[in-house]
Amino acid sequence: MSIARPVELCAPAKDLTCGIEAVRHGADAVYIGAPMFGARAAAGNPVDDIRRLCDYAHLFNVRVYIAFNTILKDSELQEAEDLIHQLYEVGADALIIQDMGITQMNLPPVPLHASTQADNCTPEKIAFLHRAGFSQVVLARELSLFEIQTIARRTPIRLEAFVHGSLCVSYSGRCYLSAAVSGRSANRGECAQNCRLPYSLVDANGRTIVADKHLLSLNDLNLTDELESMMESGISSFKIEGRLKEMDYVKNITAWYRQKLDAVFARNPRFYRPSAGQSTYTFTPQPDKSFNRGFTSYFLHGRTPEITSYDTPKSIGEQMGVVKEVKGNSFTLAGLKQVHNGDGLAFFNVRGELEGFRVNRVEANRIFPLQMPVLRPNTVIYRNFDKSFEDVLSKSSAERKLSVKMELSDSDTGIALTITDEIGLHAVATKPCAHEKAKSDQTENIRTQLSKLGNTPFRADEIVISLSEPWFIPSSLLGELRRDAVESLLQVRRASYRREEPKKITVALPDIGYPVKTDTDIDYQMQKDADNVYPAQKNANFAYPAKHLDYTANIANQKARAFYRLHGVESMEDAFEIIPQKAVPLMFTKHCIRYGMGWCPRYHKQKSPFEEPFFLIHNQTKLQLRFDCENCVMQVLDTATEK
């Protein structure tokens with residue numbers, strides 16, 4: 001019988017408030033940006049805010065992971081190292097990184113997670129990261145279920161996968177489009193999102209194939225229906241995208257996946273949640289009410305046509321129905337969902353553009369917009385702002401409570417209250433009290449006073465009265481006893497919280513009798529006879545899966561170079577951000593425009609009626625497309641690339 005495995009829900013936080021709400025709405029882990037060096041530069045947070053988030057989250061055994069996933073320049077290394085120590089001191093549970101130079105720093109004992117920016121696609125790469133000291137790996141979004149299974153069979157490292165939210169069209173960490181076009185590097189946390197712009201697709205003869213469409217814009221990820229199969233395939237952490245998203249998104253999507261995961265745990269004892277406490281909500285979570293461009297399962301089950309959002313990069317929301325009749329400054333809607341005053345509705349106009357309007361009032365099924373748009377019968381209407389739903393989320397919308405048992409008993413000098421939480425931690429408070437019998441039954445009053453746990457993180461699920469006699473106890477004394485017991489239990493919980501130790505690095509022994517290889521089965525066997533050191537090690541001699549690294553390895557500092565040399569890499573190019581290159585791919589993407597047009601030689605067996613190469617044009621930007629059919633990848637190049 002297999003051992004039960006914890007599976008965490010990891011929610012985003014753009015700031016302290018979002019982080020606390022993520023915990024309240026059911027997260028097992030929260031990831032948040034450091035003051036600098038995070039891949040979302042606009043979502044940095046002061047160290048003191050991270051301390052406050054850790055203090056709150058740890059009460060529920062919720063982990064706090066720090067997004068520290070930009071590539072670093074040599075001039076930043078010392079500042080980054082100093083900041084890592086500060087983050088560890090305030091309670092951070094792990095660092096999410098892509099720059100391997102960090103492993104060569106003098107680090108505190110903090111676990112390292114490999115960011116998806118590290119291009120975690122192959123079993124060999126991920127097995128190497130495990131041996132290099134990483135505790136968890138965030139997989140590339142493009143992986144299929146079969147590829148995840150293959151990776152899980154090859155290495156014991158914990159695997160994390162994105163489950164919901166915006167999709168980068170490029171393999172993460174391998175996109176240089178923003179850096180090349182606008183000087184804002186995605187690997188430095190400043191992506192300008194050039195992929196969301198409208199482009200015209202033009203052939204080699206200058207003929208326009210498609211005009212002004214968002215040809216690099218994808219739908220949003222939603223793997224609600226895939227949770228159990230992903231767990232069975234080896235996923236131990238489900239990550240919600242969204243460190244730039246607003247609080248209503250964090251609340252709604254976190255609550256949605258909390259409920260879905262709990263339903264899986266209830267029927268499948270092989271998996272369980274690693275944090276404590278239960279969340280209750282004032283709303284019913286519904287993902288299509290939060291920002292979305294329409295949903296896709298992306299490549300989880302292989303290539304499918306339903307991954308793109310060519311018409312708009314904006315939020316579409318939930319489908320409401322179709323226009324039935326247009327009359328004057330109003331229209332009727334054929335649909336089952338109720339529209340409210342103040343809602344934001346949208347539709348695709350005759351030019352194929354998403355156009356929105358605000359609802360002024362509703363009378364039965366007749367809708368009066370604030371400003372009447374040009375609508376036609378049978379037009380599909382979407383709601384991308386539900387005022388009633390947003391009003392609920394703008395207020396306190398969830399509570400997370402730890403279940404406790406409270407037992408009132410005699411003490412030598414008075415009374416004692418023992419409070420025990422759901423994982424068995426307990427505290428005792430005592431108060432002097434004269435042992436005088438009550439003139440009437442106090443049972444109900446005692447239960448009422450002890451259950452007043454208010455804004456504490458506790459909820460009394462069981463109250464036991466074990467007094468030897470029905471003593472008279474003033475309500476004020478019961479209140480003091482309750483407050484003392486709660487404060488003592490809070491201290492016990494804080495003191496008992498244990499951060500995960502960093503995974504020790506396996507150092508391959510040179511005389512073990514095996515050649516240095518990247519095959520994980522051999523590597524795993526070698527671990528039995530290996531020494532172990534912490535991530536600041538300098539003498540590991542197991543090999544990286546490649547001998548030569550180009551600009552896509554994102555090597556921007558000397559410590560990163562030292563890391564790769566240590567592991568057998570013989571030649572390295574500088575990162576694009578250090579030495580911008582001409583005539584190189586700026587993007588590597590599983591999304592294929594030729595496939596989207598129905599001209600894929602592998603899937604459609606069709607030849608394009610247009611002459612290649614194809615180009616994407618937006619204003620003065622002209623990009624060339626190259627199709628690597630052997631690897632089923634499309635490359636986006638600057639126009640200096642030779643044919």
Side-chain angles (χ1 to χ4, degrees), residues 37 39 66-85 94-138 155 157 172-174 187-188 502-510 516-518 520 523 526-527 530-579:
F37 308 127
I66 308 300
F68 209 84
N69 53 344
T70 61
I71 56 175
L72 304 173
K73 297 181 180 180
D74 282 310
S75 60
E76 298 168 329
L77 292 175
Q78 189 58 56
E79 185 177 16
E81 184 176 308
D82 293 343
L83 180 55
I84 290 170
H85 281 270
L95 291 180
I96 307 170
I97 68 168
Q98 75 151 314
D99 194 319
M100 294 299 137
I102 291 174
T103 69
Q104 303 301 293
M105 293 178 176
N106 178 24
L107 297 177
V110 60
L112 299 179
H113 293 186
S115 169
T116 189
Q117 298 290 119
D119 191 32
N120 305 317
C121 296
T122 67
E124 294 78 15
K125 172 71 174 287
I126 293 161
F128 171 82
L129 291 171
H130 173 245
R131 298 193 65 207
F134 285 82
S135 299
Q136 193 155 306
V137 170
V138 187
T155 176
I157 197 169
S172 293
R174 301 181 68 196
N187 285 315
R188 297 276 294 165
K503 194 190 80 64
K504 294 183 179 180
I505 295 176
T506 300
V507 181
L509 298 179
V516 176
K517 295 182 178 180
T518 57
T520 309
D523 288 350
M526 290 169 70
Q527 290 180 32
D531 296 328
N532 290 313
V533 294
Y534 281 104
Q537 52 76 39
K538 308 295 181 189
N539 63 341
N541 63 350
F542 48 92
Y544 188 76
K547 293 293 185 183
H548 308 282
L549 297 177
D550 64 12
Y551 68 101
T552 63
N554 301 329
I555 300 170
N557 60 72
Q558 290 304 312
K559 285 189 181 294
R561 285 183 169 274
F563 171 85
Y564 289 111
R565 280 196 300 269
L566 182 69
H567 297 294
V569 176
E570 297 172 357
S571 65
M572 293 167 258
E573 292 182 357
D574 286 312
F576 187 93
E577 289 78 6
I578 301 301
I579 302 180

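These values consider heavy atoms only, across backbone and side chains, with no hydrogens, waters or symmetry-generated copies.
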#### Entry: Parallel, tilted or perpendicular: ring planes of H567 versus F542, cut at 30 and 60 degrees
tilted
### Task
Would you please classify the geometry between the Y564 ring and the Y544 ring as parallel, tilted or perpendicular, with 30° and 60° separating the classes?
perpendicular
### Task
In sequence, state the C-alpha distance, the side-chain angles, and the governing distance for V110 and H85, and then conclude on side chain to side chain contact (heavy atoms under 4.5 Å, CB included).
CA-CA 9 Å; V110 60; H85 281 270; over 6 Å; no
#### Entry: Stepwise side chain to side chain contact (heavy atoms under 4.5 Å, CB included) test for S115 and I97
CA-CA 5 Å; S115 169; I97 68 168; 5.9 Å; no
### Task
Considering only NZ, NE, NH1 and NH2 on the basic side and carboxylate oxygens on the acidic side, decide whether D74 and R561 come within less than 4.0 Å.
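Salt bridge: no.
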Heavy atoms, side chains only, cut-off 4.5 Å: are [X] and [Y] in contact?
| X | Y | answer |
| --- | --- | --- |
| I84 | P108 | yes |
| E81 | L77 | no |
| R565 | M572 | yes |
| D574 | Y551 | no |
| M105 | L72 | yes |
| N187 | Q117 | yes |
| L112 | L107 | yes |
| I157 | Q136 | no |

### Query
Between the main-chain N or O of V137 and the side-chain N or O of N120, is there a donor-acceptor pair closer than 3.5 Å?
no
So how far is it from [X] [atom1] to [Y] [atom2], rounded to the nearest 0.5 Å?
| X | Y | atom1 | atom2 | answer |
| --- | --- | --- | --- | --- |
| T552 | R174 | OG1 | CZ | 5.0 Å |
| K73 | I71 | NZ | CD1 | 8.5 Å |
| L549 | S571 | CG | OG | 7.0 Å |
| L129 | T103 | CG | OG1 | 10.0 Å |

### Task
Apply the test side chain to side chain contact (heavy atoms under 4.5 Å, CB included) to residues N554 and Q98: give CA-CA distance (whole Å), side-chain angles for both, the deciding distance (0.1 Å), then the verdict.
CA-CA 9 Å; N554 301 329; Q98 75 151 314; 3.5 Å; yes
### Summary
Sorted by chain and number, sequence neighbours left out, side-chain contact (heavy atoms from CB on, under 4.5 Å) with A560 holds for D99, I555, N557
### Task
Return the set of residues passing side-chain contact (heavy atoms from CB on, under 4.5 Å) with D82 (not counting sequence neighbours), or none when no residue passes.
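Testing D82 for side-chain contact (heavy atoms from CB on, under 4.5 Å), a comparison that skips the adjacent residues, returns Q78.
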Where [X] and [Y] come nearest, the two heavy atoms and their spacing:
| X | Y | result |
| --- | --- | --- |
| P502 | P109 | CD-O, 3.3 Å |
| P545 | E124 | CG-O, 3.7 Å |
| F68 | A80 | CZ-O, 3.7 Å |

### Query
Can you name the residues that form a salt bridge (Lys or Arg N to Asp or Glu O under 4.0 Å) with E76, not counting sequence neighbours?
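Partners of E76 under the salt bridge (Lys or Arg N to Asp or Glu O under 4.0 Å) test: R188.
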### Message
Please confirm whether the ring centroid of F134 lies under 6.0 Å from the ring centroid of H113.
### Response
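For F134 and H113, the ring centres are not under 6.0 Å apart.
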